[in-house]
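Before any comments, here is the structure.
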Protein chains: 2
Amino acid sequence: MGKKEKQLVGVKEIARRAGVSIATVDRVLHNRSGVSERTKTKIQAIIKDLNYQPNLLARRLASGKTLNLVTLIPEVSEETDYWSVPLEGVLQAEKEIQPYNVKITKLFYDMNNRESFVNQTQIILNDKVDGVLLAPAFIDEAIEFTDICQERKIPFVFINSDIPNQKSLCYFGPNLYHSGYSVAHLVNYLIEKDDKVLLVNISKDIGADHHILRKEEGFKAYLKDHDIKEPIQLSITETDYPSVQKSMSSAFKKHPDIKLVFVTNSRVSKVAKYLASIGREDIILIGYDFLSENIKYLENRTIDFLICEKPQEQAYRGVRALYQKLVFEVDIESEYFMPIDIITKENCQFYKN
Amino acid sequence: MGKKEKQLVGVKEIARRAGVSIATVDRVLHNRSGVSERTKTKIQAIIKDLNYQPNLLARRLASGKTLNLVTLIPEVSEETDYWSVPLEGVLQAEKEIQPYNVKITKLFYDMNNRESFVNQTQIILNDKVDGVLLAPAFIDEAIEFTDICQERKIPFVFINSDIPNQKSLCYFGPNLYHSGYSVAHLVNYLIEKDDKVLLVNISKDIGADHHILRKEEGFKAYLKDHDIKEPIQLSITETDYPSVQKSMSSAFKKHPDIKLVFVTNSRVSKVAKYLASIGREDIILIGYDFLSENIKYLENRTIDFLICEKPQEQAYRGVRALYQKLVFEVDIESEYFMPIDIITKENCQFYKN
DNA sequence: CTGAAAGCGCTTACAG
DNA sequence: CTGAAAGCGCTTACAG
């Protein structure tokens, strides 16, 4: 490493030019009160003139402050281990910014329990917190919580799904409509005209499942835009395997000539299990998310394509955005849509969530 | 931000416990000479005991050193603007680590001029340099250069293409063989058995073009592994449009029933131009790289799939790896293969290079 | 082989 | 409204 050529501009130099002490310069730098308008203007002019860039290392070292960030996402459940992936992203970001005096408190709630969400937000609000990362599964409660954050000027980011107009610092997640639209585009390459397509939704409360609804909408919109006939639809409202098996079985009885199945979320592995059990790996199966259960079926070619929108990176970027904002006062774009990745048996070994 | 609870362990505390001065602790911390074996052992025990983690902010602030990194990649040429993308990655990384006293010198060479590469490596070697990022287009010259780097203990990373066994800190780039293999897997979904596939190589010196050769190898291997008949092949050794047009034209005269064309690099836009000119957008066209020229043809559906391996991220990660190694002494994995991304008209708007 | 002192560029009480 | 001084946790000459 080379010796640093003497830093040309620092608080010292500004103070010298203004004929004041560095303490006063510091006050102006941080918009603190107790400086006469006259000195303030003078110092500001010098700061601008010198194009002063504060030394952030020194700033953080001297202040001796710790940045307190909180993440609140669903806990890993037996239903799906999806949420272990965003958590990885939080941990990765934590590892990287740890050296800069940042503390990340990781809180979790139960996706099937509205109250658990509210409880955790209470905990956050009772603590001294500088920034929040949130996966807002319960919309109303999330709005209530983030309204308070906004009052207190605590920046927050959403991941996984957005609540528009809620003044979040940023949203990191999929564009769900386009995700479905893109899948249909791919499907268009994979089937012949008039081939039967089955669209499967698996969720306990499909009507409230924003993810599923928007993807389905996009998927169908593409078909309509391109004069492709509508898919057959199947809604499965119990997520255990026997329920999936039963529903799939009756659908296939009715439509034995289905060529392609599209499952609108990560439960695709259950459909894969069914297709494997009846020896119909020839049917093209498309679903969501790079989870070990799904990859297993991708590798044995029961699943043909997995769509994935980098859940780990969502959380990673979310934490970093908070850090950038709070430490460097960097402006953050208010929306960051993740890429819509297409994963196959052959490229999956290089995929990064 | 919360006040930091008093840091429990620092050089001061270690010095106190060892009954020595902090200067001596510092010497042990950095393995500098001039400490008796006895004190050294004692101090090391205490360091371990306290699980001492140095404050990196303080370290960099006090040392007053600047880290000098150099990047050496091809310049943007009229042939292709591919290399503007990795440059973006360098600039992004620079922006992020700028606050930590890192200087990045960006050097470029002419892909068609071996000498220009050597000249630039000379410049690097004459300077005080802490780490190097290199896109090693000229293998022999790159080996010679990196041998010297190794002697001088200057860490270096490769991007875009690897030179195995050269003891680089890391390689960030595609696994070319698997890239071709993955494309063939995709092709398998897109054609019927016995459909004709045309494989097109466009390069001034195909025999020396590692990228093309390995991708072709992987592509053919898949076909062989899956009993699919061999592709028709076309080699075009002049990269201007008239030459491409001429070669394509005669290939299509010979094989009017070609169903799918695979171009093994970013020159796919020239083939797209040809297919558009003869009104054969129905032919499935697959090529490489997320470049504006290619995206144009993707959007009008002349190109159907673009394969991309995140050239921006390659460079970004390369720079960060050097930084992590030099500042934090973090261990770096010696190979990082980029994902093999499949881009279509519909998901391209969210793609990140 | 070892230590006392100055300093990196800031922030933070405290005093006036 | 303003400044002198101490300090953040290290590193770096310099002296012995």
Side-chain angles (χ1 to χ4, degrees), chain A residues 1-44 47 50 52-67 98-102 327-329, chain B residues 1-44 47 50 52-67 98-102 327-329:
Chain A
M1 312 194 195
K3 273 296 182 57
K4 179 166 48 181
E5 59 252 56
K6 213 173 175 181
Q7 179 111 2
L8 298 161
V9 281
V11 282
K12 216 186 266 176
E13 173 64 11
I14 297 170
R16 197 188 60 75
R17 295 209 189 192
V20 299
S21 74
I22 56 169
T24 300
V25 173
D26 194 63
R27 286 182 187 100
V28 174
L29 241 22
H30 294 283
N31 267 317
R32 281 195 220 96
S33 58
V35 183
S36 73
E37 206 50 50
R38 211 175 109 67
T39 3
K40 187 172 171 181
T41 316
K42 192 172 173 186
I43 292 174
Q44 279 170 334
I47 288 170
L50 291 173
Y52 167 71
Q53 301 295 108
N55 182 320
L56 299 156
L57 295 177
R59 182 174 280 184
R60 287 195 73 62
L61 178 61
S63 85
K65 277 176 191 160
T66 298
L67 201 64
Q98 195 95 277
Y100 308 114
N101 271 339
V102 181
V327 173
F328 300 119
E329 290 160 13
Chain B
M1 311 193 194
K3 271 299 185 53
K4 179 166 49 182
E5 59 253 56
K6 213 170 171 185
Q7 178 111 4
L8 298 161
V9 281
V11 283
K12 217 186 267 177
E13 174 63 11
I14 297 170
R16 198 188 60 75
R17 296 210 187 191
V20 298
S21 75
I22 56 168
T24 300
V25 173
D26 194 64
R27 286 183 187 101
V28 174
L29 240 23
H30 295 282
N31 266 316
R32 281 196 219 94
S33 57
V35 184
S36 73
E37 207 48 52
R38 211 174 110 67
T39 4
K40 187 171 169 181
T41 316
K42 191 172 176 187
I43 292 174
Q44 279 171 335
I47 288 171
L50 291 173
Y52 167 71
Q53 300 294 108
N55 181 320
L56 298 156
L57 295 177
R59 183 175 278 185
R60 286 195 73 61
L61 178 62
S63 83
K65 279 176 190 160
T66 298
L67 202 63
Q98 194 95 278
Y100 308 116
N101 271 340
V102 182
V327 174
F328 300 120
E329 291 160 13

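The figures here come from the full heavy-atom set of this structure, side chains too, leaving out hydrogens, waters and symmetry mates. We name chains A, B, ... by the order of the sequence lines, and we start the count at 1 in each one. Treat the numbers as computed from the prediction; the structure is a model and nothing was measured.
- Taking only side-chain atoms of A:Thr39, from C-beta outward, the nucleotide of C:dC10, C:dT2, D:dT2 with the closest atom is D:dT2.
- Not one N or O on the side chain of A:Arg27 forms a donor-acceptor pair closer than 3.5 Å with the backbone of A:Val35.
- Spacing between atom CG of B:Asn55 and atom P of D:dG7 amounts to 17 Å, rounded to whole angstrom units.
- If you take CG of B:Leu29 and P of D:dG9, they are 15 Å apart, rounded to a whole angstrom.
- Atom P of nucleotide C:dT2 and atom CD1 of B:Ile43 are separated by 8 Å, given to the nearest angstrom.
- Remark on DNA chain C: of its neighbouring residues B:Gly34 and B:Ala62, the 5'-side contact belongs to B:Gly34, judged by nearest-heavy-atom nucleotide.
- A close approach under 4.0 Å does occur between a side-chain nitrogen or oxygen of A:Arg32 and OP1 or OP2 of C:dT12.
- Atom P of nucleotide C:dC10 and atom CD1 of A:Ile14 are separated by 7 Å, given to the nearest angstrom.
- Interatomic distance, OG1 of A:Thr39 versus CD of A:Gln44, reported as 10.0 Å (0.5 Å rounding).
- Looking at heavy atoms from C-beta onward, B:Arg17 lies out of side-chain contact with B:Lys12 at the 4.5 angstrom threshold.
- Side chain of B:Arg59, nearest nucleotide from C:dT2, D:dC8, D:dC10: D:dC10.
- Annotation: side chain of A:Val11 is in contact with side chain of A:Leu29 (closest heavy-atom distance under 4.5 Å).
- Proximity of A:Ser63 to the phosphate of C:dC10: no side-chain N or O atom is located under 4.0 Å from OP1 or OP2.
- With rounding to whole Å, B:Arg16 atom CZ is found 15 Å from D:dC10 atom P.
- A donor-acceptor pair is defined here as one N or O able to donate and one able to accept, closer than 3.5 Å; such a pair exists between the side chain of A:Thr41 and the backbone of A:Glu37.
- In this structure, the side chains of B:Lys40 and B:Asn31 come closer than 4.5 Å at one or more pairs of heavy atoms.
- Following rounding to the nearest Å, B:Lys40 (NZ) and C:dT2 (P) show an atom-to-atom distance of 12 Å.
- Rounding to whole angstrom units, OH of residue B:Tyr52 and P of D:dG9 are separated by 10 Å.
- Phosphate contact (OP1/OP2 of D:dC8, side-chain N/O of A:Lys65, threshold under 4.0 Å): absent.
- The shortest distance between side-chain heavy atoms of B:Asn101 and B:Leu67 does not fall below 4.5 Å.
- Summarising the geometry, atom CD1 belonging to A:Ile14 is positioned 6.0 Å from atom CG belonging to A:Leu50; distances are rounded to the nearest 0.5 Å.
- Residues forming a side-chain hydrogen bond (donor to acceptor under 3.5 Å, both in side chains) with A:Arg32 (at least two apart in sequence, or on another chain): A:Asp26.
- With distances taken from any side-chain atom of B:Leu61 to the nucleotides C:dC10, C:dG9, D:dC1, the minimum falls on C:dG9.
- Summarising the geometry, the separation between CD on B:Gln53 and P on D:dC10 is reported as 11 Å, rounded to the nearest angstrom.
- Among the atoms of the strands shown, none is found under 4.0 Å from any heavy atom of B:Arg38.
- At a threshold of 4.0 angstrom between heavy atoms, the contacts of B:Ser33 with the nucleic acid are absent.
- Expressed to the nearest 0.5 Å, how far OG of A:Ser21 lies from CZ of A:Arg16 amounts to 15.0 Å.
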I'd like a table of atom pairs between the protein and nucleotides 3-6 of chain D - only N or O on both sides, under 3.5 Å - with the distance next to each one.
residue	atom	partner	partner atom	Å
D:dG3	OP2	A:Ser21	N	2.9
D:dG3	OP2	A:Ser21	OG	3.3
D:dG3	OP2	A:Thr24	OG1	2.9
D:dG3	N7	A:Arg27	NH1	3.4
D:dG3	O6	A:Arg27	NH2	2.3

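- For DNA chain C, runs of at least 3 consecutive pairs of the Watson-Crick or G-U wobble type, with both hydrogen-bonding distances under 3.5 angstrom, map to C:1-3 with D:14-16, C:5-12 with D:5-12, C:14-16 with D:1-3.
- Taking the side chain of A:Lys12 as heavy atoms from C-beta on, and the options C:dG9, C:dT12, C:dC8, the nearest nucleotide is C:dC8.
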